[in-house]
Amino acid sequence: MQANTSNFDAIIIGSGQGGTPLAKKLAKAGWKTALIEKDAIGGTCINRGCTPTKTLIADAKLAETVGQAPARGVQISGMHIEFDKIMARKNEVVNAFRTGSEKGLENIPALTVLHGEAHFTGPKTLAVEGPSLLSGGGPSVSLSAEKIFINVGCSPTIPTIPGLDNIPYLTSTSILELPALPAHLIILGGGYIALEMGQLFKRLGAQVTIIERSGSIITKEDEDIQEALGNVLKDEGINILTHTEINKISGQQEGIVLDLTQNGKAVQIRGSHFLLALGRSPQTKALHPEATGLAIDAHGFIKVDEYLQTNVPGIYAIGDVKGGPAFTHISYNDYVILYKNLLEGAHQSVKDRQVPYCMFTDPQLGRIGLSEKEAKAAGISYTLATLPMTHVARAIETGDTKGFMKALVDTNSKKILGAAVLGTEGGELMTILQMAMLGGITYDTVKDMVFAHPLYAESLNNLFLTLDK
Ligand SMILES: Cc1cc2nc3c(=O)[nH]c(=O)nc-3n(C[C@H](O)[C@H](O)[C@H](O)COP(=O)(O)OP(=O)(O)OC[C@H]3O[C@@H](n4cnc5c(N)ncnc54)[C@H](O)[C@@H]3O)c2cc1C
């Protein structure tokens, strides 16, 4: 260890959704704590993930609603999109969230926040490159701690495609800084980020093409969900090319040219902008994990046990960097598990925790528990309850009848095993079922429960009534 190494009780690398609250909690408990962040405080969610995208999606929904207004008897003239204003509101929301996170880290005596990039130099030592509070602005400092928490997250995956280096491609980060609306946005990938971005930009006025190698979008989901959502997006005018591989990309004066193979045939398409949406890769290389002997999997994710402990005693990994479900609420729950175990003597683990999620397309897709695909693969027997949104009174009244909901039920125990709600407020509806699953509330109780009329929630009566037939 260097003579000028500063010793801490805990070091947190990355101010993501788990790291930031963990730093505060440990410091407030009296641990001498350092939080190291190379970029903006708050990590992906606040700065380039959930917050900016959901803000933009809300404005795209507004544009869609206004566009639908004449058909509903509300005449509007002269509607047009001011992209710069929409982006400015997004920036305001992001800045407000980020400032809130920064302020939350102030005035905690045991907490030191360092701005710089950290990497391991030994088993429990790190160097931080960049301006630092400890060094008074020097280029590098050395820190050590018995407990180190890695919350460095992921960044967009950049694939190897011939010609890619020669065109100004976009990622989910850089697309959020566009100065003007793309004329024709081509998106590579048919996953959650691709669909949210595609619908958002289509609704703001861009032409959108989605290219997907496999036979469908959101391949992890059940086929009926894939099909229903695919139809919604196609009806809105999004061009979805499945079974399509990209061979080469080039830039010309009139835009970007993609040489594709679709169902074995050579096809060429042109667009103004090209977004890579092929998933996210862990930011572990720059950490020099080999310096501390950390076990990393073939994709670069840090291996942890069910208590989030790595193979090096005292070093933990939280959030996206450990692989598995990459959601803000999972990173946050990792923090909850760790603080309970470390400060309150609990023995919580990630095993069997619920992993709900919501894709913020319109309609939303709320998901919890087993899908039909997963139940079949695991040989779990189930009964299926389904209800189209056209049978939901609230949806009919609001005019938002796209989608359907489905729930898997264990007929013997009557417990709800999983659900998918593709519908307006699908995420909120899913959460009601999640609560029922957590509390062991059986489907027949939900079927007969009193819900206020005419909420979307009341449709859960009808969903489970279908099992009586
Ligand atoms: C476009 C988009 C939309 C999304 N939408 C949703 C959504 O709707 N709902 C949802 O739940 N999730 C969503 N996600 C995923 C979500 O943002 C992440 O799962 C979440 O932010 C958790 O991240 P984390 O805590 O693992 O780390 P992050 O938030 O990624 O934070 C990691 C931090 O570590 C810093 N760092 C990295 N390396 C170093 C280093 N060596 N030294 C110092 N600092 C370092 C980084 O700068 C970063 O600030 C979305 C993601 C994207 C990209």
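Every number for a ligand or one of its atoms is a count from 1 in the order of the listing. From a predicted model like this one, the values you see are computed outputs, not experimental measurements.
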For a quick check under 3.5 Å, do Ser142 and Thr5 share a side-chain donor-acceptor pair by atom type?
yes

Do Thr398 and Tyr456 meet the criterion of a side-chain donor-acceptor pair at a distance under 3.5 Å?
yes

Could you tell me which atoms of ligand 1, counted from 1 in the order shown, lie closer than 4.0 angstrom to a heavy atom of [X]?
{"X": "His329", "answer": "11 (O)"}
{"X": "Thr53", "answer": "1 (C), 3 (C)"}
{"X": "Asp320", "answer": "18 (C), 19 (O), 22 (C), 23 (O), 26 (O)"}
{"X": "Ile13", "answer": "40 (C), 42 (N), 43 (C)"}
{"X": "Ile36", "answer": "43 (C), 44 (N)"}
{"X": "Gly319", "answer": "26 (O)"}
{"X": "Gly14", "answer": "33 (C), 34 (O), 35 (C)"}
{"X": "Gly43", "answer": "29 (O), 31 (O), 48 (C), 49 (O)"}

Hey, looking at [atom], which of [options] has the closest heavy atom?
{"atom": "atom 44 (N) of ligand 1", "options": "Lys38, His288, Gln17, Met197", "result": "Lys38"}
{"atom": "atom 13 (C) of ligand 1", "options": "Cys50, Cys358, Pro52", "result": "Cys50"}
{"atom": "atom 39 (C) of ligand 1", "options": "Ile318, Thr171, Ile330, Val152", "result": "Val152"}
{"atom": "atom 33 (C) of ligand 1", "options": "His119, Glu37, Glu117", "result": "Glu37"}

Between Cys45 and ligand 1, which part of the residue brings a heavy atom under 4.0 Å of the ligand: side chain, backbone, both or neither?
both

Can you see which heavy atom on Thr328 is nearest to which on Cys50, and at what distance?
OG1-SG, 3.3 Å

Heavy-atom pair with the smallest gap, counting every atom of Leu233 and Leu195
CD1-CD2, 3.9 Å

Take every heavy atom of [X], measure it against each atom of ligand 1, and state whether any distance is under 4.0 Å.
{"X": "Ala286", "result": "no"}
{"X": "Arg48", "result": "yes"}
{"X": "Arg280", "result": "yes"}
{"X": "Gly116", "result": "yes"}

Heavy-atom side-chain contact between Gln17 and Tyr335 under 4.5 Å
no

4.5 Å side-chain heavy-atom contact, Met359 and Ile218
yes

Centroid separation under 6.0 Å, is that true for the rings of Tyr316 and Phe149?
yes

Do ligand 1 and [X] have nitrogen or oxygen atoms that lie under 3.5 Å from each other?
{"X": "Gln283", "answer": "no"}
{"X": "Lys54", "answer": "yes"}
{"X": "Ala118", "answer": "yes"}
{"X": "Asn151", "answer": "yes"}

I need the Ile186 CD1 to Leu241 CG distance, nearest 0.5 Å.
9.0 Å

Atom 29 (O) of ligand 1: which protein heavy atom is closest, and how many Å away?
Thr44 N, 2.8 Å

Just by distance, do the side chain of Ser331 and the backbone of Gly18 share a donor-acceptor pair under 3.5 Å?
yes

Asn333 side chain to His329 main-chain N or O, any donor-acceptor pair under 3.5 Å?
no

Between the side chains of Asp334 and Arg353, is the shortest nitrogen-to-carboxylate-oxygen separation below 4.0 Å, so that they form an ion pair?
yes

